[in-house]
Amino acid sequence: MSTRKRYWLMKSEPTDFSIDDLARVGTEPWTGVRNYQARNFMRQMQVGDGVLFYHSNTEVPGIYGIAEVATPAYPDPTQFQKKSKYFDEKATREQPRWDLVDVRYVRTLSRPIPLDEIRGHAEALGEEFALIRKGSRLSVMPVTAAQWKRLLALE
DNA sequence: GCCAACGTTGGC
DNA sequence: GCCAACGTTGGC
């Protein structure tokens, strides 16, 4: 497979796991994604890809930091753990359903880029950008190099 | 294969 | 806490 660096945006609820948590632990397996589209994007990730770390379900939703993909996709262990809230009884070791990647901390933004500010640049970013598309709840999505640059220029 | 019911996401 | 939008499940 090829290899040009690609870019992604990944959402997390900060009460669950924030950019500060990632800064503390360094690298974290991105457990719990149970949406096929999001899973498929993680399967496309390659080590070194850039990740915008987005805080959802919080007072000021927006991009709070930068991370990078630290491993290729592999089966999410929580799907096999009966006691996990991410347990999936239909998943087996032979046929896992859910994959994840490990994500490594890069840096925290000097100031968060709030969602409503991002919306203000919808035209430049492209109306189809899933983050600002109405009704879209995708938690892992691709970001083009141009979008990456435009978003970080707002920092 | 349709679609109602249900659960979840996530902004507000 | 509310609720719109969406995805999944399961009855038929």
Side-chain angles (χ1 to χ4, degrees), chain A residues 6-25 28-45 49-69 73-144 146-148 150-155:
Chain A
R6 284 184 288 193
Y7 303 95
W8 310 92
L9 181 144
M10 299 174 87
K11 295 181 183 173
S12 180
E13 301 196 14
T15 51
D16 190 43
F17 190 78
S18 70
I19 188 72
D20 292 340
D21 293 324
L22 186 61
R24 194 155 31 72
V25 299
E28 179 77 3
W30 203 263
T31 53
V33 169
R34 294 294 180 269
N35 170 281
Y36 290 107
Q37 218 183 334
R39 178 203 67 182
N40 293 343
F41 285 134
M42 286 200 290
R43 287 181 172 172
Q44 295 172 29
M45 291 181 181
D49 282 358
V51 174
L52 296 170
F53 195 113
Y54 181 92
H55 285 186
S56 63
N57 240 315
T58 187
E59 199 173 339
V60 181
I63 298 165
Y64 280 70
I66 297 177
E68 66 182 9
V69 175
Y74 63 95
D76 179 344
T78 64
Q79 70 192 304
F80 309 124
Q81 294 162 5
K82 274 228 166 69
K83 277 187 271 180
S84 167
K85 65 173 171 172
Y86 300 126
F87 176 67
D88 183 341
E89 59 180 7
K90 294 194 181 130
T92 63
R93 305 256 172 200
E94 297 70 35
Q95 288 207 303
R97 283 181 132 187
W98 306 109
D99 283 359
L100 54 66
V101 296
D102 288 4
V103 162
R104 181 186 303 120
Y105 178 78
V106 174
R107 70 182 181 89
T108 302
L109 297 193
S110 56
R111 66 156 199 120
I113 304 168
L115 177 60
D116 56 359
E117 200 174 318
I118 295 170
R119 283 222 176 86
H121 297 265
E123 204 165 328
L125 292 166
E127 308 287 344
E128 76 291 348
F129 185 33
L131 185 67
I132 51 181
R133 203 169 55 214
K134 185 173 184 296
S136 169
R137 294 172 307 161
L138 195 57
S139 66
V140 176
M141 69 190 74
V143 172
T144 66
Q147 287 166 340
W148 175 275
R150 285 214 158 87
L151 288 165
L152 290 179
L154 302 176
E155 182 181 359

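Keep in mind that what you see is a predicted model, and the values were worked out from it rather than measured.
- The stretch residues 125-137 of chain A comes close to DNA chain C through A:K134, A:G135, A:R137, each having a heavy atom under 4.0 Å from the strand.
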Checklist entry - Stepwise, does the side-chain contact (heavy atoms from CB on, under 4.5 Å) test hold for A:D21 with A:E28? => result CA-CA 9 Å; A:D21 293 324; A:E28 179 77 3; over 6 Å; no
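- The aromatic rings of A:F17 and A:F53 are tilted relative to each other, their planes meeting at an angle between 30° and 60°.
- Side chains of A:Y64 and A:D20 form no contact here, defined as non-hydrogen atoms less than 4.5 Å apart.
- Across the protein-nucleic acid pair, A:I118 atom CD1 and B:dG11 atom P stand 10 Å apart, rounded to whole Å.
- You'll find the ring centres of A:Y36 and A:W98 inside the 6.0 Å limit.
- We find that CG of A:D88 is positioned 12 Å from C1' of C:dT8, with the value rounded to whole Å.
- For the pair A:N57 and A:R97, nearest-nucleotide mapping onto DNA chain C gives the more 5' position to A:N57.
- Spacing between atom CZ of A:R119 and atom P of B:dG11 amounts to 8 Å, rounded to whole angstrom units.
- Taking both residues in full, the closest heavy atoms of A:H55 and A:I19 are given as NE2-N, 3.1 Å, listed atom of the first, atom of the second, then distance.
- Rounded to whole angstrom, the span from the CG atom of A:L115 across to the P atom of B:dC12 amounts to 6 Å.
- Here B:dG10 presents its C1' atom at 14 Å from CG of A:N35, a figure rounded to the nearest Å.
- Contact check for A:Q95 versus A:K90: no side-chain heavy atoms found under the 4.5 Å cut-off.
- Residues A:I118 and A:L151 are in side-chain contact: their nearest non-hydrogen atoms beyond the backbone lie under 4.5 Å apart.
- The CD-P distance, from A:Q37 to B:dT9, rounds to 15 Å in whole Å.
- Computed from coordinates, the A:R34 CZ to C:dG7 C1' distance equals 15 Å when rounded to whole Å.
- Going from atom CD of A:E117 over to atom P of B:dG11 covers 15 Å, rounded to whole Å.
- When the nucleotides C:dT9, B:dG10, C:dT8 are ranked by their closest atom to the side chain of A:Y36, C:dT8 comes out on top.
- Taking side-chain N and O atoms only, A:Y54 has a distance below 4.0 Å to OP1 or OP2 of B:dG11.
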